[in-house]
Structures are given as C-alpha cells and as structure tokens.
Student: 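First the structure, which I've put down as structure tokens, then a few questions once you've had a look.
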Amino acid sequence: MSPLPRSIREALKDDNWRQAMQLEFDALQRNKTWTLVPRPPSAQIITGKWVFKHKLHSDGTLERYKARWVVRGFHQWPGIDYGETFSPVVKPATIRTVLTLIASKNWPAHQLDVSNAFLHGNISERVHCQQPTGFEDVDQPDAVCLLSRSLYGLRQAPCAWFTRFAEHAISLGFRQSRSDSSLFVYGQGASMAYLLLYVDDIIMSASTPALLHQLIGNLKSAFAVKDMGPVSYFLGVDVRRTADGFTLSQTAYALDILERAGMANCKPATTPADSKAKCSSSDGVPMKEASWYRSMAGALQYLTLTRPDISYAVQQVCLHMHAPMECHGAMLKRILRYIKGTTTLGLHLHAAKSPTITAYTDADWAGCPDTRRSTSGFAVFLGDALISWSSKRQTTVSRSSAEAEYRGVANAVAECSWLRQLLGELHYAVPKATVAYCDNISSVYMARNPVHHRRTKHIEIDIHFVREKVAIGELRVLQIPSARQFADIFTKGLPTALFEDFRSSLCVGSTS
C-alpha cells in the first residue's frame with residue numbers, strides 16, 4: 001500500500017496515486033463539470049487542492065486508491081457565489097424503521113453507491129475556479145473553469161446534489177416523504193419500493209427482485225450508481241441479515257475508538273456509568289487533554305447509532321465538552337472501559353409480528369447538579385424491534401417529579417406521533433393505539449384527566465398535546481413498575497444486574 005502523498009509532486013510520481021487522479025479528472029470531464037473561459041478581470045477565482053485517501057473494505061484491507069479534486073469553498077462570497085446550502089440526510093430512526101419493515105415483509109434489500117455524487121448537482125450561480133493542479137489544459141494554461149456542475153468543497157454542493165437526485169427519483173414514480181425528506185417511497189398498485197439516501201449511500205428495497213433491479217437500472221441511467229449487492233456495510237455499520245431480521249454492529253469502529261484513545265488494552269468495566277451522584281461542571285481541576293476529551297466524546301456519539309446502552313453515559317460526558325474536568329475524563333474512560341468488554345454487542349432488529357408501537361419513558365428529576373434540570377429518556381419499539389431512543393437533559397427546570405416525568409411522556413409521544421406518520425407513508429399503517437409506559441402515577445392521571453391544575457398550569461401545552469392524543473384514541477398512557485421500566489437505563493447509572501437485564505430488553509446482544 002503506497003503511503004499518502006505529502007505533496008502533489010510526490011503524488012504525480014507514484015503510479016497508484018497518478019492513476020487515481022486521472023480517474024477523478026476523467027469523471028469531471030465526462031460529467032461536463034466546467035467550461036474553460038478566459039480569466040475574468042474582477043471575478044472571484046476559487047482555488048482547490050487534491051485530497052488523497054485509502055478506501056478500505058469493512059475488514060480493513062485496501063479497496064482502492066482515491067483522489068478527489070476539492071475546491072476551497074470557504075473563499076466563496078455568500079449571496080454571490082452561493083445561496084441555499086442546507087441538505088437533509090436520512091435519520092437513524094428512519095433507517096432502523098425501514099430495515100424492520102424490510103425484515104417483516106421479507107423483501108430483498110440492496111446497497112448502492114453513487115460515484116462522485118456531488119458532481120451531479122447543477123448550480124445556477126456563476127462560479128469560477130482554477131484548473132486541477134497537474135491537469136491544466138496545454139492550450140489554455142491560464143484559463144479558469146466556469147462551473148456548470150457542483151464540485152466537492154462548494155458551499156452549495158450538498159444542496160445541489162440532493163435537489164438533483166430528488167427530482168430524478170420523483171420522475172421515476174417515487175414520492176418524497178414528508179416525515180423524512182431523505183426517504184422516497186414508490187407505490188404502483190401492488191408494487192412497492194423504499195429508498196433511503198444518506199449523501200451518496202443508498203439502501204433500496206422493493207416488493208420483488210424484478211422491480212428492485214428495474215429501479216436500480218433507472219438510477220444508473222442518470223447517475224454513476226454502483227450496485228453493491230445485498231446490504232452489508234452501510235455508513236460504517238455492519239449490517240447482517242438473519243432469519244428473523246437484521247443485526248447492526250460497529251465492532252470495527254469501537255476497536256478503532258479504543259485504539260485512538262490509547263486504551264486498547266484497558267481493563268473492562270461492567271457498566272458505562274456508575275450509580276453514584278453526577279459530577280458537577282466545577283468539580284476538580286481542568287483536564288490537560290481537553291482536545292482528546294472532545295475528540296473521544298464526539299466519536300462515541302456515533303457509536304450510539306447501534307448501542308443504546310451507552311446513550312446516557314455519552315450524553316453526560318457531552319454536557320461538559322466546553323470545559324472538561326478530571327472527573328469528567330474519568331467518566332469518559334469508564335465508557336471506553338465498558339466498550340472494551342462489549343465490542344461484539346450490537347442491535348438486533350426483529351421482524352415486526354404486528355404493527356404496534358410501544359414506548360417506555362422515564363425521567364430523573366432535578367438530576368443535573370448545576371442547573372437542576374431533569375434528564376428524560378425514552379425507548380420506542382415497533383413490534384419487538386427497538387427503532388428509536390433518546391437520553392436528553394430537559395430544557396427547563398421541573399418543579400416536581402410528576403412534572404419531569406410528564407415532560408418525558410410528552411417527548412416520547414411526539415416521537416411516536418412522528419413514527420406513526422412515517423409508517424403511514426410507508427404503507428404500514430398502525431391501527432392500534434400507541435401504548436406509553438410510565439412509572440409515575442401522577443403523570444398517568446394527568447394524561448387522562450384535567451387534575452392538579454394549580455400545580456400544572458405552567459405546562460398546559462404539553463398536557464393538552466398528550467391529552468388530545470389520548471382523546472382521539474391514538475395513545476394510551478399506562479403505569480408500569482419501576483423494575484420493568486426499560487427507559488431507566490437512559491436517565492441514570494444502574495447497578496450491574498439491573499443494567500444487564502434492561503440492556504437485553506433493549507434488543508442489544510452479541511453479534512459474533
């Protein structure tokens with residue numbers, strides 16, 4: 001494997017990198033990305049550079065050498081060189097929901113990759129950039145590129161690519177979801193298909209293999225799409241199909257985090273957070289390695305994509321990224337020690353036997369030692385599959401445990417309402433009411449009847465929101481014993497035995 005080049009001159013001398021650069025330049029030419037024009041006297045000319053990367057397989061072996069011409073979009077002038085820049089990406093809960101439905105319907109699912117995705121986006125602004133270094137036109141060496149398609153690095157590139165893809169998908173008969181803009185649903189009589197888009201990575205599933213290959217062929221006619229076969233490795237997540245669903249794991253990513261943290265040989269911990277009092281933002285002395293703390297905390301956030309068991313602990317360390325103390329560093333290292341002993345764990349998405357949504361919601365009243373805000377969490381199941389969860393500090397201080405619990409119920413109900421709408425667009429309507437389990441009896445009473453008005457008049461919006469869902473028959477709020485409240489794992493540190501019991505109930509288990 002040739003090392004990453006330190007300069008463009010070094011890259012041009014290496015056959016592997018030279019070939020990768022030539023492939024990128026040829027793709028730009030085929031796509032008619034620019035037109036060479038004389039250098040305008042007063043125009044902003046955006047410079048660029050070559051970016052080199054080793055593209056690896058999921059097992060860490062070399063797949064190919066990758067070179068990309070990237071322009072310095074931070075030199076663009078807002079309002080002149082670019083306008084809208086926002087581009088949506090598919091939500092993790094949507095991915096888990098669609099995979100659960102695919103397993104339930106036993107549909108084939110393929111993973112697609114779009115080569116040079118951003119190059120397909122059309123731009124309406126007049127943007128000039130320099131010619132790629134090492135590939136200047138011999139007849140017009142001083143000319144500049146007037147862009148007609150977007151390039152990597154341009155501020156508007158993500159938005160331009162998504163707009164172009166959405167327009168083409170709609171022309172093929174797909175309908176863009178209102179619940180998640182990156183989900184496209186195809187429905188023609190009994191023929192149905194789902195398409196999930198995350199920048200240039202796509203998961204597509206259809207009711208029949210023939211329809212699936214037909215739609216893939218339609219995409220290939222407009223974009224450089226590569227069919228990578230049945231979905232197996234998506235966004236750094238190892239996806240394995242089983243007899244009753246899918247398993248999602250990030251074992252390689254977890255090992256990489258431990259290696260980067262210098263804790264590959266640390267002693268494992270049984271839980272990611274202890275059950276003692278939470279650490280204040282002013283306890284102890286500031287960390288000397290604050291940048292290391294922020295880097296590791298950010299890396300752990302992505303690991304929660306398939307590991308709900310660490311969501312609470314990661315949420316707690318992320319609260320102190322602005323000024324971490326030594327005690328916060330100890331909290332972070334405990335999470336890494338827990339990961340060391342559980343690298344093979346992942347999320348099991350079981351096929352939904354019936355279209356039912358069940359939510360568990362809990363709150364730790366006034367748990368934050370600095371702001372006295374409560375931490376609320378919820379877990380939402382579609383059938384037996386955990387498709388959504390949250391661990392978050394509430395935005396306001398609650399005056400009682402009942403109020404904190406009730407705000408947690410409102411957050412869970414909002415998520416369930418969104419999921420019901422999403423499932424309706426996926427032609428998988430939920431006929432039964434959503435059941436939300438809460439272990440606070442006062443919250444259950446407030447969801448049903450206009451009681452405790454004097455205590456709850458300042459949270460009436462949340463109350464009316466939940467009560468309306470109950471009144472129309474879309475929701476039932478029931479009490480559950482604390483010993484079976486799975487959402488407790490998202491609000492506080494738990495003893496080992498209880499933590500492991502709740503972890504298995506959240507569909508987290510070994511994937512090896």
Side-chain angles (χ1 to χ4, degrees), residues 93 96 100 244-245 270-275 304 307-313 315 338 342 345-365 367 374-392 394 398 400-416 419 430 432-448 466 469-470 475-510:
R96 292 187 287 263
T100 301
D244 66 338
T270 55
T271 60
D274 60 38
S275 54
T304 61
R307 296 290 299 271
D309 51 324
I310 65 171
S311 292
Y312 165 73
Q315 179 259 347
Y338 169 74
T342 59
L345 294 186
L347 183 68
H348 294 258
L349 294 177
H350 305 290
K353 299 178 181 178
S354 60
T356 58
I357 296 179
T358 308
Y360 295 83
T361 171
D362 195 23
D364 181 29
W365 179 48
S374 307
T375 300
S376 60
F378 63 76
V380 182
F381 292 80
L382 175 60
D384 296 327
L386 179 65
I387 58 174
S388 182
W389 60 84
S390 172
S391 177
K392 189 176 181 180
Q394 295 181 0
S398 297
S400 65
S401 59
E403 180 183 337
E405 295 273 4
Y406 196 82
R407 291 190 188 278
V409 171
N411 292 337
V413 172
E415 182 75 3
C416 292
L419 285 169
V430 181
K432 297 182 180 179
T434 298
V435 178
Y437 289 109
C438 176
D439 59 7
N440 185 278
I441 191 64
S442 296
S443 297
V444 176
Y445 289 157
M446 283 191 284
R448 297 176 182 172
V466 176
K469 297 296 182 183
V470 174
L475 172 71
R476 295 175 63 200
V477 182
L478 303 178
Q479 187 185 17
I480 192 173
S482 298
R484 301 308 304 161
Q485 178 53 276
F486 305 144
D488 207 22
I489 202 172
F490 299 115
T491 63
K492 62 178 76 72
L494 299 175
T496 302
L498 185 60
F499 175 84
E500 291 178 350
D501 181 32
F502 284 177
R503 183 180 67 189
S504 62
S505 299
L506 295 176
C507 307
V508 176
S510 175

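This chain uses plain numbering: 1 for the first residue, then up along the sequence.
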Student: Can you tell me how far the CG atom of Leu349 sits from the CG atom of Leu382, to the nearest 0.5 Å?
Tutor: 9.5 Å
Student: Within the distance-only criterion (no hydrogens, no angle test), does the side chain of Gln394 pair as donor or acceptor with the backbone N or O of Ala404 below 3.5 angstrom?
Tutor: yes
Student: Please step through side chain to side chain contact (heavy atoms under 4.5 Å, CB included) for the pair Ser391 and Thr375, ending with a clear verdict.
Tutor: CA-CA 7 Å; Ser391 177; Thr375 300; 4.3 Å; yes
Student: Any non-hydrogen side-chain atom of Phe378 less than 4.5 Å from a side-chain atom of Ser388?
Tutor: yes
Student: Evaluate the side-chain proximity of Leu494 to Thr271: yes if any heavy-atom separation is below 4.5 Å, no if none is.
Tutor: no
Student: Is there a side-chain contact between Val508 and Pro308 (heavy atoms, below 4.5 Å)?
Tutor: yes
Student: If every non-hydrogen atom of Gln485 is compared with every non-hydrogen atom of Tyr360, which pair is closest and at what distance?
Tutor: OE1-CB, 3.3 Å
Student: Search all heavy atoms of Trp389 against all heavy atoms of Ser311 and return the closest pair with its distance.
Tutor: NE1-OG, 3.1 Å
Student: What distance separates Asp309 CG from Cys507 SG, expressed to the nearest 0.5 Å?
Tutor: 12.0 Å
Student: More than 12 heavy atoms of other residues, nucleotides or ligands under 6.0 Å from CZ of Phe381: yes or no?
Tutor: yes
Student: Under a 4.5 Å cut-off applied to non-hydrogen side-chain atoms, are Arg476 and Val444 in contact?
Tutor: no
Student: Where do Ser376 and Gly408 come nearest, in terms of heavy atoms and distance?
Tutor: CB-CA, 4.0 Å
Student: Walk me through whether Lys392 and Asn411 qualify under side chain to side chain contact (heavy atoms under 4.5 Å, CB included).
Tutor: CA-CA 10 Å; Lys392 189 176 181 180; Asn411 292 337; over 6 Å; no
Student: Has Lys492 got more than 12 heavy atoms of other residues, nucleotides or ligands less than 6.0 Å from its NZ?
Tutor: yes
Student: Output all residues satisfying side-chain contact (heavy atoms from CB on, under 4.5 Å) with Ala410, sequence neighbours left out; order by chain, then residue number.
Tutor: Asp462, Val466
Student: Check the pair Asn440, Ser401 against side chain to side chain contact (heavy atoms under 4.5 Å, CB included), reporting the backbone distance first and the verdict last.
Tutor: CA-CA 8 Å; Asn440 185 278; Ser401 59; 4.1 Å; yes
Student: Can you name the closest pair of heavy atoms from Pro272 and Ile310 and give their distance?
Tutor: CB-CG2, 4.3 Å
Student: What distance do Ser398 atom OG and Arg407 atom CZ have between them, rounded to the nearest 0.5 Å?
Tutor: 5.0 Å
Student: Once rounded to the nearest 0.5 Å, what's the spacing between atom CD of Glu405 and atom CD1 of Ile441?
Tutor: 11.5 Å
Student: Is there a donor-acceptor contact under 3.5 Å from the side chain of His350 to the main chain of Leu386?
Tutor: no
Student: Anything under 30° is parallel, anything over 60° is perpendicular, the rest tilted; go ahead and classify Tyr338 against Phe499.
Tutor: perpendicular
Student: With rounding to the nearest 0.5 angstrom, report the CD to OG distance, Glu403 to Ser442.
Tutor: 12.0 Å
Student: Rounded to the nearest 0.5 Å, how far apart are CZ of Arg503 and OG1 of Thr342?
Tutor: 6.5 Å
Student: Tell me, do Phe490 and Leu506 make a side-chain contact under 4.5 Å, heavy atoms counted?
Tutor: yes
Student: Do Tyr312 and Asp364 pass the side chain to side chain contact (heavy atoms under 4.5 Å, CB included) test, and can you show the C-alpha distance, the side-chain angles, and the key distance before you say yes or no?
Tutor: CA-CA 11 Å; Tyr312 165 73; Asp364 181 29; 5.5 Å; no
Student: Would you mind reporting whether Asp488 and Ser482 have side-chain heavy atoms less than 4.5 Å apart?
Tutor: no
